[in-house]
Amino acid sequence: METMLKEKIDILCENHILPAEDFVLLLENISPELSAYAAEKASGIRDSIYGKDVYTRGLIEFTNYCKNDCYYCGIRKSNSCAQRYRLSEDDIFSAASYGYSLGFRTFVLQGGEDAYFTDDVLCRILVRLKDAFPDCALTLSVGERTRESYQRLFDAGADRYLLRHETANSEHYSFLHPASMSLKNRKECLYTLKDIGYQTGAGFMVGSPHQTGEAIAEDLIFLRELSPHMVGIGPFIPHKDTPFGDEQPGTLEETLFLLSLIRMILPEVLLPATTALGTIHPKGREMGILAGANVVMPNLSPREVRKKYMLYDNKICTGDEAAECLGCLSGRIESIGYRLSASRGDHIRRKNNV
Ligand code: SAH
């Protein structure tokens, strides 16, 4: 059995895709030995393309107002316990300036779907940041918008966009989201973003309620098809004030194994070892890098608001200053033989890559 499973991994490295049933088989048979095999292969692929560099993105969580009501998310509209905040344009600029002085050359502006941040407001922020920091990549992660809106934001200076598809199975999607949201629209947004020219990131939560092996296989096949530049995956972690507050979290071993598989599916992908992974295990992010990830996203949000951007319970790094986060992470990454890179960390498109 073990030999047969390892052969499937070898085929995946070669072909970058497997039939859905083979993905399911692998996921049903995760073992320490199989995970170690996959991690070694995935690390080899990552090292051959990006070397020992791990890219940093400074995350600025600029609003936790949200019009959506995703059942898993701590900043969903119906969570009346959430203390809402919105950073001013000056606050966002200060967070980025401070990040720049610490060496960050990529900023990710993430938030709920907050109507205050119209295209005009966001464009003004982007232009100001691009003017001040022309050598930096600007990434947005503010949910679903129209093509016109995405285009305006791109023209104003946004280089990248993160929008996890959350699950590629439409039944599962409607279990995680209210009827006002659809997988179809989510996917369309992703294709539009790519079409406009953004470096685009998709992704999903591992172990979200009602997720099956078949649904994960669909996620992996969708990722291959979309071929995004970035993929964000992390374990689902329940938030006590959401409908999924009593559900079980996703596991470390499954998340790590999936990181390895995604590296094989999309060899050049920029793949973060996420904060959620660091939340379910003290060494989660280091293990993520060793499984094939090559990005970390330290928090640059002002300390006063960090505890309010609570997507899930017990989120780490909510008490530290940005400099402490960076120092801590760089020590952690060096302890496993990698180094934090200050460069923009653009995606490498190689000849034979789709
Ligand atoms: N409004 C933006 C940003 C959402 S927050 C958007 O729609 O893209 C960023 C990501 O956090 C989400 O895409 C989701 O995958 C993840 N997330 C939300 N709640 C979570 C939870 N309880 N556990 C783990 N990850 C969660």
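For ligands, and for the atoms within them, numbers begin at 1 and follow the listed sequence. Residues: numbered from 1 along the sequence shown. Only heavy atoms go into these numbers, but all of them, side chains included; no hydrogens, no water, no symmetry mates.
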Cationic tip of K187 within the cone over F222's six-membered ring, i.e. under 6.0 Å and within 45° of the normal?
-> yes
Considering only protein heavy atoms, which is closest to [atom], and at what distance to one decimal place?
atom: atom 9 (C) of ligand 1; value: Q110 NE2, 3.6 Å
atom: atom 16 (C) of ligand 1; value: R164 NH1, 3.7 Å
atom: atom 26 (C) of ligand 1; value: M205 SD, 3.5 Å
atom: atom 7 (O) of ligand 1; value: R186 NH2, 3.3 Å
atom: atom 11 (O) of ligand 1; value: L311 CD1, 3.5 Å
atom: atom 2 (C) of ligand 1; value: G111 O, 3.4 Å

How about L109 and L138: do any of their side-chain heavy atoms sit closer than 4.5 Å?
-> no
Take E225 and Y191, measure what side-chain contact (heavy atoms from CB on, under 4.5 Å) needs, and give me the verdict at the end.
-> CA-CA 10 Å; E225 182 190 300; Y191 282 106; 2.8 Å; yes
Residue N15 excluded, over 12 heavy atoms near CG under 6.0 Å = yes
Centroid-to-centroid, Y65 to Y116, below 6.0 Å?
-> no
Pair Y55 and Y50, ring centroids less than 6.0 Å apart | yes
Enumerate the atoms of ligand 1 whose separation from the nearest heavy atom of L163 is less than 4.0 angstrom.
-> 8 (O)
Y309-ligand 1 polar pair, N/O distance under 3.5 Å | no
